[in-house]
Amino acid sequence: MKNIRFMKLVLVLMLMRPLIAKAMEGKILIILNGVGSLMIVIFQDFLTRLRGKRLMLVGDSMNRNQFESMLCLLREGLPDKSKMFEIHGNKITKGRGYYVFRFVDYECTVEFVRSHFLVKEGLRINGQGRSNPTLSIDVIDKTAGRWKSADILVFNTGHWWAHGKTSRGKNYYKEGDYLYPKFDAVEAYRRALKTWAKWIDQNVDPKKQLVLYRGYSSAHFRGGDWDSGGTCNGETAPVLSGAILNNYPVKMKIVEEVIQEMKNPVTLLNVTRLTNFRKDGHPSIFGKNVTAGIKVSTRRQDCSHWCLPGVPDAWNELIYANLVQQTVSKS
């Protein structure tokens with residue numbers, strides 16, 4: 001696994017060598033033999049660019065996946081691993097929606113804020129006295145107060161829009177006080193993103209803050225979906241041909257349109273086609289119940305999230321590339 005990550009980083013370094021050399025003001029990179037040395041050079045430079053800043057990833061569990069990758073990558077740049085910790089002492093779990101990891105020597109933090117839709121989730125009481133979920137597509141998410149103070153923001157939303165109640169759209173979507181009896185999920189996604197875009201334009205200072213939006217990440221279920229028996233276990237190689245390689249969801253076209261209409265600049269990390277190839281990169285049956293020392297799920301397979309080291313590492317390398325490019329552009 002280390003060799004795979006090493007080769008990816010070699011490629012990135014080769015492609016970015018002129019940019020990195022200029023950004024580091026002509027300093028010579030002394031790279032010793034071995035896997036670890038090259039990784040440390042890159043991750044220490046990444047940390048240096050984050051010095052004194054707050055990097056915040058906001059979104060669903062796919063962004064938590066990317067957040068975990070980011071922590072692993074940056075930790076490699078620390079000689080003293082104890083100088084990185086979660087400030088509240090929390091361990092990363094699915095249940096908790098806010099984490100702040102501090103890197104002491106660089107006076108920076110890497111944070112995750114859970115926001116499945118980027119707009120406000122709520123509840124209503126139906127005629128039988130039971131509570132049902134709602135989604136206000138014209139109101140920004142309640143966590144937005146945390147977003148304002150970040151220096152670098154990485155957003156995503158997408159996977160929760162394919163879930164049952166969200167895709168059906170019956171008595172679920174709201175605008176103002178009006179609950180739509182039936183509303184199209186694609187149009188709801190468009191309006192929610194426009195709500196997010198309006199918030200960015202009104203609350204983010206582009207001279208001081210960098211905003212990125214990480215695009216839709218492909219899932220690879222066979223014979224069903226995440227909740228209907230879909231599988232991906234046994235995959236050991238990427239997809240090299242077939243219709244999936246040309247798959248580009250309508251959600252991504254909407255993201256592009258919304259970003260183009262915004263006043264403030266937003267960098268789109270368009271990883272969709274990159275992830276189309278990687279049917280072999282998911283946890284599949286691993287990660288649930290412990291069987292013979294290995295965590296295995298016999299009921300549901302995870303064919304949407306990613307193993308680490310793995311695909312999200314490349315997404316974070318794109319963030320690093322953006323930071324390098326920014327330095328070069330200013331010089």
Side-chain angles (χ1 to χ4, degrees), residues 16 19 46 49-50 53-67 69-70 108-120 137-161 186-218 248-275 311-312 314-330:
M16 295 176 58
L19 295 178
F46 201 158
R49 296 174 192 280
L50 294 177
K53 293 182 171 61
R54 294 178 63 187
L55 167 61
M56 182 179 291
L57 292 91
V58 181
D60 57 27
S61 58
M62 301 305 297
N63 249 19
R64 189 184 69 230
N65 206 175
Q66 184 176 1
F67 165 73
S69 162
M70 180 68 78
C108 68
T109 58
V110 177
E111 308 175 31
F112 171 70
V113 178
R114 182 172 60 205
S115 177
H116 300 130
F117 303 100
L118 304 181
V119 291
K120 185 182 177 183
I137 54 179
D138 60 338
V139 180
I140 202 67
D141 187 64
K142 63 181 181 181
T143 64
R146 297 187 189 275
W147 312 350
K148 287 186 177 182
S149 52
D151 299 285
I152 303 169
L153 286 156
V154 184
F155 292 94
N156 96 296
T157 184
H159 281 269
W160 277 64
W161 293 86
V186 173
E187 181 58 25
Y189 182 77
R190 184 190 309 276
R191 295 190 190 186
L193 270 189
K194 286 187 174 181
T195 298
W196 165 80
K198 181 180 179 181
W199 187 94
I200 294 294
D201 282 344
Q202 293 178 346
N203 292 276
V204 167
D205 183 350
K207 295 180 181 178
K208 298 179 180 179
Q209 294 165 285
L210 174 66
V211 180
L212 305 101
Y213 187 99
R214 198 256 307 145
Y216 190 77
S217 163
S218 300
Y248 198 65
V250 67
K251 292 190 192 77
M252 283 305 302
K253 295 176 182 177
I254 292 172
V255 168
E256 290 182 1
E257 292 170 5
V258 170
I259 289 177
Q260 286 173 1
E261 294 171 357
M262 293 176 66
K263 179 181 68 176
N264 284 350
V266 172
T267 300
L268 174 60
L269 302 180
N270 197 336
V271 303
T272 302
R273 289 197 169 98
L274 179 153
T275 60
V311 170
W315 308 345
N316 288 323
E317 288 159 12
L318 291 174
I319 294 176
Y320 173 61
N322 270 274
L323 296 180
V324 171
Q325 180 62 55
Q326 271 203 330
T327 305
V328 171
S329 298
K330 291 177 181 178

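Under 4.0 Å is where a charged nitrogen must lie from a carboxylate oxygen, and between Glu257 and Lys253 no such pair does. Using a 4.0 Å cut-off between a side-chain N of Lys or Arg and a carboxylate O of Asp or Glu, Glu111 and Arg146 do not qualify as a salt bridge.
Between Tyr320 atom OH and Phe46 atom CZ the span is 8.5 Å, to the nearest 0.5 Å. For the atom pair CG of Leu153 and CG of Leu210, the computed distance is 8.5 Å after rounding to the nearest 0.5 Å.
Every residue meeting the ring-ring contact (aromatic ring centres under 6.0 Å, His included) condition with Phe155, not counting sequence neighbours, appears here in chain and number order: Trp147, Trp196. Residues passing the salt bridge (Lys or Arg N to Asp or Glu O under 4.0 Å) test with Glu256, sequence neighbours excluded: none.
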Does the pair Leu323 and Gln325 meet the rule for a side-chain contact (heavy atoms from CB on, under 4.5 Å), with working shown?
CA-CA 5 Å; Leu323 296 180; Gln325 180 62 55; over 6 Å; no
Give the intermediate values and the outcome of side-chain contact (heavy atoms from CB on, under 4.5 Å) for residues Thr157 and Tyr213.
CA-CA 9 Å; Thr157 184; Tyr213 187 99; 3.4 Å; yes
Applying side-chain contact (heavy atoms from CB on, under 4.5 Å) to Arg114 and Arg64, what does each step give before you reach the verdict?
CA-CA 8 Å; Arg114 182 172 60 205; Arg64 189 184 69 230; 5.5 Å; no
Apply side-chain contact (heavy atoms from CB on, under 4.5 Å) to Tyr216 and His159, showing your working.
CA-CA 8 Å; Tyr216 190 77; His159 281 269; 3.8 Å; yes
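Panel note: side chain Asp151, backbone Leu55; no donor-acceptor pair is recorded below 3.5 Å. Between the side chain of Asn203 and the backbone N or O of Trp199 there is at least one donor-acceptor pair closer than 3.5 Å. Looking only at distances, no side-chain donor or acceptor of Thr109 sits under 3.5 Å from a matching main-chain atom of Arg54. Counting only distance, with no hydrogens or angles, the side chain of Asn63 and the backbone of Val154 share a donor-acceptor pair below 3.5 Å.
Side chains of Thr195 and Asp138: no donor on one and acceptor on the other come within 3.5 Å.
Nearest heavy-atom pair across Asp60 and Gly158 is OD2-N, 3.7 Å. Residues Ile140 and Leu118 come closest through the heavy atom pair CD1-O, 3.3 Å. In terms of heavy-atom proximity, Ala150 sits nearest to Gln209 at O-NE2, 2.8 Å. Between Lys194 and Val258, the shortest heavy-atom contact is CG-CG2, 4.1 Å. Of all heavy-atom pairs spanning Met62 and Ser217, the tightest one is CE-OG, 3.6 Å. Pairing each heavy atom of Thr272 with each of Thr275, the nearest pair is O-OG1, 2.8 Å.
Taking 4.5 Å as the limit, some side-chain heavy atom of Arg49 sits within range of a side-chain heavy atom of Val324.
In this structure, Lys120 places its NZ atom where only 12 or fewer heavy-atom neighbours from other residues, nucleotides or ligands lie under 6.0 Å away.
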Please tabulate, for the side chains in residues 264-271, all donor-acceptor contacts under 3.5 angstrom to protein atoms that are two or more places apart in sequence or on a different chain.
unit_1	atom_1	unit_2	atom_2	d
Asn264	ND2	Ile200	O	3.1
Asn264	ND2	Val204	O	3.0
Asn270	ND2	Tyr248	OH	2.8

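Note: Trp160 and His116 have parallel aromatic rings, judged against thresholds of 30 and 60 degrees for the angle between ring planes.
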